[in-house]
Amino acid sequence: MDFSWTEEQEIWRRTVKDFAQKKIKPHVREIDSDKKIPDEIIKGMANLGLLAPTVSKEYGGADLDWTMACIAAEELGRADISLAIPVLYLVEAAWGFIFNRYGTSEAKKEYLPKVTSGDNFLGIAVTEPEGGSDIVGAAKTKAVKKGDHWLLNGEKMFISGITESNRWGGIHLTLARTDPSAGHKGFSFFAVPLKNNSNVETTLLEDMGRMGISTGGFSMDNAELPENHLIGEINKGFYYAMEGFSAARVLIGATCVGASEAALELGIDHIKTRKSFGRPLGTFEGIQFPLTEHYANIESVKLLNYRAAWTMDKMYKERKFSHHDVALAAAMSKLRAPVYAFAVMNEVADWLGATGYTKEYPIEMGIRGVRSYSIGAEGTMNIMRIIIARELLGKEFLPYK
Ligand SMILES: Cc1cc2nc3c(=O)[nH]c(=O)nc-3n(C[C@H](O)[C@H](O)[C@H](O)COP(=O)(O)OP(=O)(O)OC[C@H]3O[C@@H](n4cnc5c(N)ncnc54)[C@H](O)[C@@H]3O)c2cc1C
């Protein structure tokens with residue numbers, strides 16, 4: 001066992017941290033109020049290889065492994081605790097990887113170079129209005145083959161990156177039933193462009209946080225797709241979705257660690273200087289003890305998360321672990337990381353007193369942003385518990401068939 005970083009990992013962290021602290025951190029409040037990530041930041045991220053970084057070099061990606069991808073996620077979370085940029089990063093890193101792995105070469109050539117250069121957005125569309133957790137029971141979207149193309153009908157809801165896709169172009173990896181009688185074995189994945197698609201209508205939702213990236217939905221009314229926009233094998237879409245979710249959950253964990261550490265650092269600065277009853281706040285046990293608990297929680301989730309990333313790297317590079325091992329590790333990380341992050345931000349808001357409730361500090365953006373992860377983005381907490389229980393007890397103990 002070796003807990004040290006390689007030189008390459010250390011250089012990568014320093015490079016991303018330097019960029020994120022200088023070019024992202026000063027703009028986070030503006031991103032939150034303008035509800036838009038400035039183009040210069042997107043271009044800067046592209047230049048550094050931070051857009052869909054897990055995509056192969058052939059398509060402009062950086063071919064990053066998951067440990068390296070998590071290092072970058074952590075640094076982006078540290079710089080932008082509103083979590084808008086981290087969300088853009090992790091969605092493209094996780095789902096770009098799936099598209100790169102299973103998409104047809106024609107479709108990849110068409111979109112991936114533009115995704116990695118920041119000219120297109122790549123998102124994920126699984127959730128439907130009638131439910132995200134029970135997608136097998138709730139999904140109504142269908143795809144039917146007509147000659148040499150596909151026709152998609154249905155609606156996706158609570159989808160990240162609708163405005164970005166409308167503005168920049170790009171695709172959402174969209175799950176649709178191709179064999180409605182086959183349950184989870186009857187789904188396929190498609191690359192669906194939203195921009196200038198006359199048979200696709202988009203809507204927007206007003207979120208509470210991570211305002212720099214939009215959330216909304218889209219409906220497809222006989223949306224026509226070329227044959228090569230089917231991703232991977234027909235009726236394997238559900239498995240690809242589960243693979244992508246594990247990756248996204250591990251990256252979420254890493255963004256939470258970075259954001260938690262940033263919040264704690266801010267809190268530590270404050271309690272060392274702010275005085276009450278003639279002494280710095282940090283001298284009171286009532287302040288110190290929660291500080292130590294939060295610190296220990298963040299350290300434990302960091303270890304859990306990097307172990308999950310390591311498990312993924314071992315699975316993809318050496319086939320040492322299975323998708324079940326990865327799903328378990330990712331679910332544990334996603335179960336803990338957003339809850340600890342929320343708790344530390346909430347605590348620091350208390351330490352800040354009344355200013356903690358103002359927009360003077362970024363804490364309130366963090367509280368609003370991180371809640372998206374525990375409410376549901378990339379799977380709810382109870383779904384994480386169901387995955388963990390499935391791995392501990394066996395799938396015959398699942399609450400559904
Ligand atoms: C900000 C944001 C961005 C998102 N972006 C995307 C995106 O880009 N693409 C995408 O496809 N989806 C996205 N989602 C949707 C997300 O995946 C869903 O919200 C999530 O899967 C939950 O689905 P739901 O909202 O329909 O809640 P439901 O499935 O209706 O669940 C409601 C509640 O019931 C609980 N519950 C459900 N079943 C059980 C059970 N068996 N046992 C115990 N409790 C249960 C859940 O844990 C939850 O607390 C996003 C969500 C948010 C909040």
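Counting starts at 1 for both ligands and their atoms, following the listed order. Quick caveat: nothing in here was measured; it's all calculated off a predicted structure.
- Under a 4.0 Å N-O distance rule, the pair Asp119/Lys43 qualifies as a salt bridge.
- The shortest N/O to N/O separation between Val126 and ligand 1 falls below 3.5 Å.
- Scanning the protein heavy atoms around atom 13 (C) of ligand 1, the nearest turns out to be Phe158 O, 2.7 Å.
- Crowding of Lys23 atom NZ: a count of heavy atoms from other residues, nucleotides or ligands under 6.0 Å not exceeding 12.
- With His229 as the fixed residue, the ring pair (Phe, Tyr, Trp, His ring centres under 6.0 Å) test singles out one of Trp150, Phe190, Tyr111: Tyr111.
- Where the criterion is an N or O separation shorter than 3.5 Å, residue side chain and backbone included, Ile383 fails it with respect to ligand 1.
- A ring-centre distance under 6.0 Å is found for Phe121 and His172.
- Contact annotation for Ala138 and ligand 1: no heavy atom of the residue comes within less than 4.0 Å of the ligand.
- For ligand 1, the atoms closer than 4.0 angstrom to any heavy atom of Ile159 are 6 (C), 7 (C), 8 (O), 9 (N), 10 (C), 11 (O).
- Ligand 1 has no nitrogen or oxygen under 3.5 angstrom from a nitrogen or oxygen of Asp134.
- Side-chain rings of Phe245 and Trp95 approach one another, their centers coming within less than 6.0 Å.
- Because its NZ or CZ atom is not both nearer than 6.0 Å to the ring centre of Phe397 and within 45° of the ring axis, Arg390 does not count as a cation-pi partner of that residue.
- For ligand 1, the atoms sitting less than 4.0 Å from at least one non-hydrogen atom of Ser372 are 1 (C), numbered in the order shown with element in parentheses.
- At least one N or O atom of Ser133 sits closer than 3.5 Å to an N or O atom of ligand 1.
- Using a 4.0 Å cut-off between a side-chain N of Lys or Arg and a carboxylate O of Asp or Glu, Glu378 and Lys334 do not qualify as a salt bridge.
- At least one N/O-N/O distance between Asn382 and ligand 1 falls below 3.5 Å.
- Distance check on atom 32 (C) of ligand 1: every protein heavy atom falls at or beyond the 4.0 Å cut-off.
- For Met381, no heavy-atom contact with ligand 1 is shorter than 4.0 Å.
- At least one N or O atom of Gly132 sits closer than 3.5 Å to an N or O atom of ligand 1.
- The shortest non-hydrogen separation linking Ser133 to Thr380 is OG-CG2, 3.9 Å.
- Distance check for atom 23 (O) of ligand 1: a protein heavy atom is found below 4.0 Å.
- Proximity of Thr127 to ligand 1, defined as any heavy-atom pair under 4.0 Å, is shared by backbone and side chain alike.
- Distance remark: protein heavy atom present below 4.0 angstrom from atom 40 (C) of ligand 1.
- Remark: atom 9 (N) of ligand 1 lies closer than 4.0 Å to at least one protein heavy atom.
- At least one heavy atom of Gly131 sits less than 4.0 Å from an atom of ligand 1.
- Contact detail for Phe99 and Lys108: the closest heavy-atom pair is O-CD, 3.4 Å.
- Checked against the 6.0 Å centroid criterion, the rings of Tyr102 and Phe97 do not qualify as a close aromatic pair.
- Salt bridge status for Asp18 with Arg14: absent, with no side-chain N to carboxylate O gap under 4.0 Å.
- At most 12 heavy atoms of other shown residues, nucleotides or ligands fall within 6.0 angstrom of atom CD in Glu130.
- Contacts of Ile386 with ligand 1, taken as heavy-atom pairs under 4.0 Å, involve the side chain alone.
- Those atoms of ligand 1 that come under 4.0 Å of a heavy atom in Thr380, given as number and element, are 22 (C), 46 (C), 47 (O), 48 (C).
- Aromatic pair Tyr306/Trp66: ring centres not closer than 6.0 Å.
- Ligand 1 has at least one atom lying under 4.0 Å from a heavy atom of Arg210.
- Less than 4.0 angstrom separates some heavy atom of Ala125 from each of these atoms of ligand 1: 11 (O).
- Ranked by closest heavy atom to atom 18 (C) of ligand 1, the top entry among Gly379, Pro129, Gly376 is Gly376.
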